[in-house]
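To keep things clear, I will list the structure first and then write my remarks on it.
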Amino acid sequence: MGLVLCAALVAGCGQQVALPPASVASTPEAAATGSIGKNHDGPMNATFVVALNPTDAYAAVARGALNCWFGANGPMKRSHVFHGEAAPAAKGGAAEILLQERDPSLADQRGIRAFRATFMPAGAGTQVGIAHLKVDPAVATALTRDVETWARGEAGCQLRTVLAPVPDPIPQPKVARIKTTR
């Protein structure tokens with residue numbers, strides 16, 4: 001089953017799935033139905049609840065992000081670093097995904113925090129919280145759509161509609177070495 005889900009996520013990364021515009025969740029009841037709530041006072045924030053447990057929701061989103069955003073020609077591959085942490089399911093399974101701007105001057109290249117997704121137990125499901133700390137608003141919307149799609153167990157990759165894929169590096173011609181005998 002996990003292999004089928006993984007294959008579906010990888011295959012779905014190339015598809016452009018359009019979700020309806022998010023509605024503002026003004027009450028906890030609205031958030032529980034899956035509507036995305038946004039707070040525009042600071043960084044763009046969103047919260048929603050999914051039926052998966054935190055461990056499964058985190059795994060689905062991490063798999064989608066690593067395939068879509070950071071895959072072979074993923075649009076964030078060269079500009080950001082992915083970092084994820086998850087507690088064991090036996091300890092509640094709370095988890096976090098953090099994207100940081102790539103900073104080559106640092107040993108681990110984790111620079112300024114740009115995006116965070118958190119996964120917390122909420123009744124029989126998971127509350128997914130999103131904070132866009134330093135990303136363009138169009139990118140923020142695409143990231144939110146992708147996380148919501150993957151956390152619901154669906155496939156898609158909205159970020160690729162906003163950011164162009166990173167082109168493959170141009171292979172350098174091989175130079176033949178001439179052996180000299182002495």
Side-chain angles (χ1 to χ4, degrees), residues 1-14 17 19 31 34 36-37 42-122 124-136 139-160 162-163 165-166:
M1 177 69 175
L3 184 58
V4 172
L5 178 61
C6 185
L9 285 172
V10 172
C13 239
V17 177
L19 292 176
I36 296 176
M44 183 177 173
N45 296 316
T47 59
F48 54 93
V49 176
V50 296
L52 297 175
N53 67 53
T55 303
D56 291 343
Y58 163 79
V61 173
R63 198 171 21 256
L66 290 172
N67 287 324
C68 172
W69 303 341
F70 292 93
N73 63 348
M76 300 186 96
K77 181 178 181 177
R78 294 192 183 141
S79 62
H80 290 77
V81 176
F82 175 96
H83 178 74
E85 289 186 20
K91 293 186 178 182
E96 176 183 69
I97 292 174
L98 186 63
L99 303 184
Q100 293 173 264
E101 290 183 350
R102 190 174 293 278
D103 185 348
S105 68
L106 300 174
D108 64 2
Q109 296 194 9
R110 292 187 209 165
I112 296 171
R113 293 177 178 191
F115 170 85
R116 178 184 303 125
T118 57
F119 305 84
M120 301 295 294
T126 299
Q127 179 176 338
V128 181
I130 298 174
H132 299 282
L133 308 170
K134 189 178 178 204
V135 290
D136 177 83
V139 172
T141 300
L143 292 173
T144 300
R145 292 281 182 230
D146 284 341
V147 170
E148 182 179 22
T149 298
W150 300 327
R152 295 190 188 293
E154 300 168 3
C157 185
Q158 290 294 307
L159 185 62
R160 290 179 188 247
V162 177
L163 294 178
V166 174

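Along the sequence shown, residues are numbered consecutively beginning with 1.
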* **Working for side-chain contact (heavy atoms from CB on, under 4.5 Å), residues Q100 and D108** => CA-CA 11 Å; Q100 293 173 264; D108 64 2; over 6 Å; no

* Verdict with reasoning, I130 to L143, per side-chain contact (heavy atoms from CB on, under 4.5 Å) -> CA-CA 9 Å; I130 298 174; L143 292 173; over 6 Å; no

* To do: Identify the two heavy atoms, one from M120 and one from P54, that lie closest to each other, and give their separation to 0.1 Å.
  => C-CG, 4.1 Å

* Asked: Should the pair W69 and F115 be assigned to parallel (<30°), tilted (30 to 60°) or perpendicular (>60°) ring geometry?
  -> perpendicular

* Asked: Stepwise, does the side-chain contact (heavy atoms from CB on, under 4.5 Å) test hold for H132 with T144?
  -> CA-CA 9 Å; H132 299 282; T144 300; 2.6 Å; yes

* Do side-chain atoms of R102 reach the backbone of K77 as a donor and acceptor pair under 3.5 angstrom? -> yes

* Run the numbers on V147 and F48 for side-chain contact (heavy atoms from CB on, under 4.5 Å), then give the verdict. => CA-CA 10 Å; V147 170; F48 54 93; 4.0 Å; yes

* Minimum heavy-atom distance N73-R160, with the two atoms named -> OD1-NH1, 3.1 Å

* For the side chain of W150 and the backbone of G156, is there at least one donor-acceptor N/O pair under 3.5 Å apart? -> yes

* To do: Examine distances only and state if a side-chain atom of D146 and a backbone atom of L159 form a donor-acceptor pair shorter than 3.5 Å.
  => yes

* Quick one: does R116's side chain have a donor or acceptor within less than 3.5 Å of a partner on E96's backbone? -> no

* To do: Please indicate whether R113 has more than 12 foreign heavy atoms, meaning atoms of other residues, nucleotides or ligands, lying under 6.0 Å from its CZ.
  => no

* To do: Give the minimum heavy-atom separation between V162 and A142, together with the two atoms involved.
  => CG2-CB, 3.8 Å

* Nearest heavy-atom pair of T126 and N53: which atoms, and what distance? -> OG1-C, 2.9 Å

* Asked: Of all heavy-atom pairs between G92 and P121, which one has the smallest distance, and what is that distance?
  -> O-CG, 3.3 Å

* Determine the interplanar angle of the F82 and F70 rings, folded into 0 to 90°, and report it as parallel if under 30°, tilted if 30 to 60°, perpendicular if over 60°. => perpendicular

* To do: Check V49 against R152 and note the closest heavy-atom contact, atom names and distance.
  => O-NH1, 3.5 Å

